[in-house]
Enquirer: 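Just dropping this structure here.
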Amino acid sequence: MNKPNIPKGTRDFGPIEMSRRNYIFSTIRSVFALYGFQQIETPSMELMSTLMGKYGEEGDKLLFRIQNSGEKANEAPEKGLRYDLTVPFARYIVQHRDEIQFPFRRYQIQPVWRADRPQKGRYREFYQCDVDIIGTDSLVSELELVQIVEEVYRRFGIRVCLHLNNRKILAGIAEYIGAPDKIVDITVAIDKMDKIGLDNVNKELAERGLSQDAIGKLQPILNLGGSNTDKLNALRTILACSETGLRGIGEAQELFDRIAASNCQLSICLDLTLARGLNYYTGMIFEVKALDVQIGSITGGGRYDNLTGIFGLPNVSGVGISFGADRIYDVLTELDLYPATMPEATQLLFATFGDEELNYALTWAKSLRQKGIRVEVYPEPAKMKKQMSYADAKAIPFVAIVGGNEMQSDTVMLKDMQSGEQTQLTLNQLFDKILTN
RNA sequence: GUGGUCAUAGCUCAGUUGGCAGAGCAUCGGAUUGUGGUUCCGAGUGUCGUGGGUUCGAGCCCCACUCUCCACCCCA
């Protein structure tokens, strides 16, 4: 008999993983709610016409296509699995524009699928947690996303650095070095600065058709140092001839000013090598990196001025970011930052010596559950060793032992599994004890 | 999509020139019929990833496929 298996790049999540994942999702969700974001969901599959051409040539290749039973293998399929949450969201806005109150603040936590070759931290099915504000050009939206990043990672206890850049600045740089049509090649190459270093970036720029003169003019910009303000001031001089570049600098300046005024504790840097792959970004772009773990970015996003334009609704500006839940999971695991008691774990197990005791325990359990205590009753009066082992394996902090003596005195023997201490308690005493623990 | 790498018990892994399939952990039972996490004793477990080939004989050698992991491409 063949062992069962799951498709390449997919995973099962066991009870411990799910409890951790739910901790991640609920933390993110509750921060989103603090800012008035509302949740939506869209279908796992979209029409291919919605998906195709939105992610570049590479992206199209990574789309999972859904074969209808009537379709032949060489026919173009009608449907595919969604590749991200942003494009389906743009489709949603266009389709529901008359029902939506703008500015629309929505969040969406759902899996996405990519037919990529899997690696560590890279899967074919993974979750994104997207939060976007649509229908306003105000940079207050960007500020709020920065604040959300600050609060989410403060709650997780992960030390991060937020990298900021602006696509208009990048466009201005391309203009300044005399290669405005090479903006995509430039961004793709300089985005790798971290990984491959300046020399290799320059090599790649040359391979992508940039002249030595252009590459030379780029060097002082890539080497800009000092504070964020220093960099902006320097850019203002260098890009003085580029109207687009100056607008990008203005946006960045305004956002930094607002961040400063908002008493933000987050570590933030203007990173001119930050480009981000998706080409629909037009303004500020963001990326969050964990300081204590080598794992790539764990959150990213930016402003897109015309995302819904491709679906026939022009001039709707939006800005959004996406938290990478699977990578946050890896960071929390590596740094061992999960809270000691997970929110939904069992608090108390009843262990019994006989059938009458079982009924007694079930009655007590019902009362405690009505008061909100999470209780399990071991379903048979098995050997005490077995019942205790069960509690131990599930890390249940308290076991209430019920035998003849306890039944006679209308009590239970409560064992604290961590200290080993035992005390005989009435129902009310038991409730107080669990509640105050 | 390109190049490399890996696969043996539930898990982590040993396995000699090609000659009876192994260990630790975990699980289950007992020592202990009212007590887990520490101790002691005992037990079970495998189409050696799948399919073909070479050989008297293959976990080991050869071919193909699948999967894992890694580097590209790209990306969370």
Side-chain angles (χ1 to χ4, degrees), chain A residues 1-12 14 24 28 55-63 82-86 109-130 184 187-189 191-192 195-196 200 204 207-208 275-279 286-290 295-301 320-331 349-354 357 378 381-407 412-424:
Chain A
M1 189 172 57
N2 287 337
K3 284 183 188 172
N5 211 341
I6 54 175
K8 191 204 296 208
T10 63
R11 299 156 294 165
D12 285 325
I24 292 168
I28 289 173
Y55 309 105
E57 213 174 303
E58 287 293 329
D60 283 352
K61 282 193 247 170
L62 299 180
L63 289 171
R82 65 167 166 258
Y83 178 92
D84 72 356
L85 300 179
T86 306
I109 299 177
Q110 288 189 274
V112 302
W113 294 269
R114 295 182 189 180
D116 207 354
R117 191 174 291 208
Q119 291 177 33
K120 195 177 192 95
R122 266 176 96 162
Y123 306 99
R124 299 184 122 182
E125 176 184 62
F126 61 95
Y127 275 73
Q128 290 189 330
C129 310
D130 271 30
V184 172
T187 54
V188 169
D191 200 38
K192 296 178 187 167
K195 211 167 178 179
I196 62 177
N200 289 318
E204 182 159 342
E207 281 163 15
R208 286 172 180 271
R276 291 194 60 76
L278 295 171
N279 284 318
F286 313 92
E287 205 157 280
V288 177
K289 287 179 180 155
I295 194 166
S297 82
I298 52 180
T299 291
I321 53 171
S322 180
F323 287 81
D326 296 273
R327 286 191 177 171
I328 292 171
Y329 181 97
D330 290 342
V331 172
L349 174 77
F350 280 93
T352 59
F353 285 109
E357 286 91 333
Y378 199 88
K383 291 190 176 188
M384 195 44 55
K385 178 191 172 86
K386 191 164 185 174
Q387 302 188 61
M388 297 298 282
S389 299
Y390 177 84
D392 190 54
K394 280 192 76 174
I396 298 172
F398 291 100
V399 175
I401 300 162
V402 185
N405 300 340
E406 287 79 13
M407 276 176 68
V412 295
M413 183 63 78
L414 184 73
K415 174 157 182 161
D416 180 328
M417 293 296 278
Q418 203 163 10
S419 66
E421 275 172 37
Q422 294 191 184
T423 34
Q424 202 163 348

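Naming convention: chains lettered A, B, ... in sequence-line order (proteins, then strands); numbering from 1 in each chain.
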Enquirer: With sequence neighbours left out, what residues match Lys192(A) under salt bridge (Lys or Arg N to Asp or Glu O under 4.0 Å)?
Expert: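 Lys192(A) satisfies salt bridge (Lys or Arg N to Asp or Glu O under 4.0 Å) with Glu204(A) once adjacent residues are dropped.
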Enquirer: Run the side-chain hydrogen bond (donor to acceptor under 3.5 Å, both in side chains) test against Asp326(A) and tell me which residues pass, sequence neighbours left out.
Expert: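 Per chain and number, Asp326(A) pairs via side-chain hydrogen bond (donor to acceptor under 3.5 Å, both in side chains) with Arg11(A), Arg21(A).
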Enquirer: Taking any heavy-atom pair under 4.0 Å as a contact, classify Lys394(A): base, sugar-phosphate, or nothing.
Expert: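 No contact.
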Enquirer: Taking the side chain of Ser389(A) as its heavy atoms from C-beta onward, which of C74(B), C75(B), G36(B) lies nearest to it?
Expert: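 Looking only at side-chain atoms, Ser389(A) lies closest to G36(B).
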Enquirer: Rounding to an integer number of Å, can you tell me how far Asp191(A) CG sits from C75(B) P?
Expert: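 Value for this atom pair: 8 Å.
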Enquirer: Counting the atoms with a prime plus P, OP1 and OP2 as sugar-phosphate, which does Gly420(A) contact under 4.0 Å by heavy atoms, base, sugar-phosphate, or nothing?
Expert: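 It contacts base atoms.
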Enquirer: How would you list, by chain and number, every residue that makes a side-chain contact (heavy atoms from CB on, under 4.5 Å) with Ala400(A), sequence neighbours excluded?
Expert: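 If we apply the side-chain contact (heavy atoms from CB on, under 4.5 Å) test to Ala400(A), skipping adjacent residues, the hits are Leu348(A), Phe350(A), Val412(A), Leu414(A).
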Enquirer: Under the ring pair (Phe, Tyr, Trp, His ring centres under 6.0 Å) rule, collect the residues that match up with Phe353(A), sequence neighbours excluded.
Expert: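 So Phe353(A) forms no ring pair (Phe, Tyr, Trp, His ring centres under 6.0 Å) with any residue.
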Enquirer: Partners of Tyr123(A) by ring pair (Phe, Tyr, Trp, His ring centres under 6.0 Å), sequence neighbours excluded?
Expert: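 Partners of Tyr123(A) under the ring pair (Phe, Tyr, Trp, His ring centres under 6.0 Å) test: none.
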Enquirer: Applying a 4.0 Å non-hydrogen cut-off, can you work out what Phe323(A) is touching in the nucleic acid: base, sugar-phosphate, or nothing?
Expert: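 Nothing, no nucleic acid heavy atom in range.
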Enquirer: Whole angstrom is fine here: how far is it from CZ in Arg276(A) over to C1' in C75(B)?
Expert: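 Rounding to the nearest Å, CZ of Arg276(A) and C1' of C75(B) are 9 Å apart.
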Enquirer: Tell me what Val399(A) touches on the nucleic acid: a base, only sugar-phosphate, or nothing, going by heavy atoms under 4.0 Å.
Expert: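 Here Val399(A) touches no strand at all.
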Enquirer: Who are the salt bridge (Lys or Arg N to Asp or Glu O under 4.0 Å) partners of Asp116(A), not counting sequence neighbours?
Expert: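 Checked Asp116(A) against salt bridge (Lys or Arg N to Asp or Glu O under 4.0 Å); matches are Arg122(A).
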Enquirer: Look at Glu287(A) together with Arg276(A) and state whether they make a salt bridge at an N to O cut-off of under 4.0 Å.
Expert: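 Yes.
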Enquirer: Could you check whether Asp326(A) gets within reach of a base, just the sugar-phosphate, or nothing at all, counting any heavy atom under 4.0 Å?
Expert: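 Touches nothing.
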Enquirer: Under 3.5 Å, is there an N or O donor on one side and an acceptor on the other linking the side chain of Arg122(A) and the base of C74(B)?
Expert: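 Between C74(B) and Arg122(A), which were checked side chain against base, a qualifying N/O pair under 3.5 Å is present.
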Enquirer: List RNA chain B stems (3 or more consecutive Watson-Crick/G-U pairs, under 3.5 Å)?
Expert: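 Detected stem regions: B:1-4 with B:69-72, B:10-13 with B:22-25, B:27-31 with B:39-43, B:49-53 with B:61-65.
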Enquirer: Listed by chain and number, what are the side-chain hydrogen bond (donor to acceptor under 3.5 Å, both in side chains) partners of Lys289(A), not counting sequence neighbours?
Expert: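 Lys289(A) satisfies side-chain hydrogen bond (donor to acceptor under 3.5 Å, both in side chains) with Asp194(A) once adjacent residues are dropped.
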Enquirer: For nucleotides 2-4 of chain B, which of its nitrogen or oxygen atoms have a protein nitrogen or oxygen under 3.5 Å away, and what is each distance?
Expert:
{"from": "U2(B)", "atom 1": "O4", "to": "Arg117(A)", "atom 2": "NE", "distance (Å)": "3.3"}
{"from": "U2(B)", "atom 1": "O4", "to": "Arg117(A)", "atom 2": "NH1", "distance (Å)": "3.2"}
{"from": "G3(B)", "atom 1": "O6", "to": "Arg117(A)", "atom 2": "NH1", "distance (Å)": "3.2"}

Enquirer: Report, as a single string ordered 5' to 3', how protein heavy atoms within less than 4.0 Å touch nucleotides 29-34 of chain B: B base, S sugar-phosphate only, - not at all.
Expert: SSB--B
Enquirer: So what does Gly301(A) hit on the nucleic acid, given a heavy-atom distance under 4.0 Å: a base, only sugar-phosphate, or nothing?
Expert: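 Nothing, no nucleic acid heavy atom in range.
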Enquirer: My understanding is that only residues two or more places apart in sequence, or in another chain, count here; which of them pass ring pair (Phe, Tyr, Trp, His ring centres under 6.0 Å) with Tyr127(A)?
Expert: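 Here the qualifying residues are Phe25(A).
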Enquirer: Quick one: list whatever passes salt bridge (Lys or Arg N to Asp or Glu O under 4.0 Å) with Lys386(A), sequence neighbours left out.
Expert: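 Lys386(A) satisfies salt bridge (Lys or Arg N to Asp or Glu O under 4.0 Å) with no residue once adjacent residues are dropped.
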